[in-house]
Amino acid sequence: MSQREHFDAVAERYDVLRVPPGLTILHGTLVREGAMAGKRVLDIGCGTGAALAVLQREFGCTVTGIDPSTGMLQEARRKLPDADLREGVAERLPFPDEAFDAAMMMTVVQHVDRSGAFPEARRVLANGGRFVIATPDPEMFPRAWMAPLFPSYVEIEQRRFPGWQTLAGELHAAGFGAVRCVSLSVPRRFTRDHALERIRQRYASTFDHMSAVEYEEGLARAERELPSVVEYLLEWLIVVAER
C-alpha cells in the first residue's frame, strides 16, 4: 500500500484513532516556538486539518494547508470550509515566494523527500519567518507501547524518523539560518479497547512496513497482554528553523 493509499484509507477515522481532541500542550508549543499567533500559517501535510482548526480558533491564525491525500483533505474541508486547502506535495508547494509568516510539519518529515521539501518551505516563508517541525524523538521508540508487541517496530521507526542532528544538518543545507530544538514529553493514556482498535484499524503507516505475519502475531499478543489502561510518554522533538 502506498503512503497516499494508507492515508486515504484511514482518513474518516484518523482523528478518533490518532488525534487528541481540542487544544493540547503540543499546539501551544508550536505556536510559541513558531511565533504563529495571529499570523499566516502553512501546514505542510495538514492531514484532517485538526491542528489548523485549533490554530485558527484558539490563536487567530490565518491558516492554509496542503496534503497529497484526497481523503484527508475531505475531512479537513469539513472543519475549515473557508480555508485554502490544496492537494499537493511538500516538494512542490503551489504558493508564491514569501507567502507565509510560519510553516509547520507535524509527523510529516518521515514521509517526504526532505532535500526537496525543506528548500520549498524556506521559499514560501517571509524573511524572519519560522519553520517548525514536530516529530517523535527516535530514541523514544524502545519505550513506546507498541515496541513489546511487534519485533521489528523499533527498527522500522528508527529507520523512518530522523533525529535532531540529521534534521539540523538538512535544514542548514536548505538555506535556513538559526536552527534549534525543544524537547517535549506528553503523557498519553487510553484504554485497552482503544489500543486494540488502533491496531485493528492499522492506524499508523508503520504497519505497512512489517509483514502480514508479524502484524497478525502482534495483534494476537496485544489481545493477550495489554493492560486495561495503556500509559506512556510521547516524546517530541520540536525543531525550529528561521529564514
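Using a 30° and 60° split on the angle between ring planes, Phe150 and Phe207 fall in the perpendicular class, above 60°.
A donor-acceptor pair is defined here as one N or O able to donate and one able to accept, closer than 3.5 Å; no such pair exists between the side chain of Arg198 and the backbone of Ala204. Judged purely by atom type and a 3.5 angstrom limit, Arg192 uses its side chain to pair as donor or acceptor with the backbone of Glu223. The main-chain N or O of Gly65 is never found under 3.5 Å from a side-chain atom of Asp43 such that the two would form a donor-acceptor pair. Here the side chain of Arg221 pairs a donor or acceptor atom with the backbone of Leu149 at under 3.5 angstrom.
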Practice item. Take Leu30 and Trp236 through the test side chain to side chain contact (heavy atoms under 4.5 Å, CB included) and record every step on the way to the result. Key: CA-CA 11 Å; Leu30 293 175; Trp236 292 98; over 6 Å; no
**Study point:** Verdict with reasoning, Arg114 to Thr166, per side chain to side chain donor-acceptor pair (under 3.5 Å)
**Key:** CA-CA 11 Å; Arg114 297 189 296 275; Thr166 296; over 6 Å; no
Review point. Step by step, would you call Leu42 with Leu93 a side chain to side chain contact (heavy atoms under 4.5 Å, CB included)?
Key: CA-CA 10 Å; Leu42 171 65; Leu93 296 176; 4.2 Å; yes
Check your understanding: Given the rule in the side chain to side chain contact (heavy atoms under 4.5 Å, CB included) test, do Asn127 and Arg243 qualify, once you have shown the distances and angles that lead to the verdict?
Key -> CA-CA 6 Å; Asn127 285 330; Arg243 190 187 191 285; 2.5 Å; yes
Check your understanding: Between Asp137 and Trp164, is a side chain to side chain contact (heavy atoms under 4.5 Å, CB included) present by the stated rule, with each step listed?
Key -> CA-CA 8 Å; Asp137 185 342; Trp164 145 242; over 6 Å; no
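Not a single salt bridge (Lys or Arg N to Asp or Glu O under 4.0 Å) links Arg122 to another residue, sequence neighbours left out.
Note that CZ of Arg188 and OH of Tyr232 are 4.5 Å apart. Values are rounded to the nearest 0.5 Å. Note: Glu231 CD to Phe190 CZ = 10.0 Å, rounded to the nearest 0.5 Å. Leu26 contributes atom CG, which lies 6.5 Å from atom CG of Leu184 (distance to the nearest 0.5 angstrom). In this structure, Ser211 OG and Glu216 CD are separated by 9.5 Å, a value rounded to the nearest 0.5 Å. The line from CD of Glu170 to CG of Leu167 is 6.0 Å long, rounded to the nearest 0.5 Å. A distance of 7.0 Å separates CG in Leu219 from CG in Leu196, rounded to the nearest 0.5 Å.
The two residues Gly34 and Val132 make their nearest non-hydrogen contact at CA-CG2, 3.5 Å. Nearest heavy-atom pair across Ala117 and Met105 is CB-CE, 4.0 Å. Nearest heavy-atom pair, Cys46 versus Asp67, reported as atom, atom and distance to 0.1 Å: N-OD2, 3.4 Å. Across every non-hydrogen atom of Ala37 and Val31, the tightest pair is N-CG1, 3.7 Å. Here the closest heavy-atom approach between residue Ser152 and residue Met210 is recorded as OG-CB, 3.9 Å. Annotation for Ala195 and Val230: closest pair CB-CG2, 3.9 Å, computed over non-hydrogen atoms.
Results of the side chain to side chain contact (heavy atoms under 4.5 Å, CB included) test with Leu85 over Leu73, Thr64, Ile66 single out Leu73 as the only residue that passes.
There is a path of hydrophobic side-chain contacts, each under 4.5 Å, that joins Ile199 to Ile156. Hydrophobic clustering (ILVMFWY, side-chain heavy atoms < 4.5 Å, transitive): Val108 and Val182 are in distinct clusters. Val41 is connected to Met106 through a chain of hydrophobic side-chain contacts under 4.5 Å among Ile, Leu, Val, Met, Phe, Trp and Tyr, so both are in one cluster. Hydrophobic clustering, with ILVMFWY side chains joined whenever heavy atoms are under 4.5 angstrom apart, groups Val239 together with Ile44. Using a 4.5 Å cut-off between side-chain heavy atoms of Ile, Leu, Val, Met, Phe, Trp and Tyr, with links allowed through other members, Met104 and Ile25 fall into the same hydrophobic cluster.
Contact of the Ser205 side chain with the His111 side chain is registered, since non-hydrogen atoms from C-beta on lie closer than 4.5 Å. Residues His209 and Arg160 have side chains in contact (heavy-atom distance under 4.5 Å, counting atoms from C-beta outward). Side chains of Val179 and His172 form a contact here, defined as non-hydrogen atoms less than 4.5 Å apart. Using a 4.5 Å heavy-atom threshold, the side chains of Val112 and Val89 count as separate. In this structure the side chain of Leu237 never reaches within 4.5 angstrom of the side chain of Phe161, judged on heavy atoms. Inter-residue side-chain proximity for Gln110 and Pro138 is flagged as unmet; no heavy-atom pair is nearer than 4.5 Å. Counting only heavy atoms from C-beta outward, the side chains of Ile133 and Leu171 approach each other to under 4.5 Å. At least one side-chain heavy atom of Pro142 sits less than 4.5 Å from a side-chain heavy atom of Gln158.
No hydrogens or angles considered: a donor-acceptor pair under 3.5 Å links the side chains of Glu87 and Thr70. If you check the side chains of Glu157 and Thr206, you find a donor sitting under 3.5 Å from an acceptor.
When the shell of 6.0 Å around CD of Glu139 is examined, it contains 12 or fewer heavy atoms from other residues, nucleotides or ligands. Remark: Arg189 CZ is loosely packed, at most 12 non-hydrogen atoms of other residues, nucleotides or ligands lying under 6.0 Å away.
Under a 4.0 Å N-O distance rule, the pair Glu75/Lys79 does not qualify as a salt bridge.
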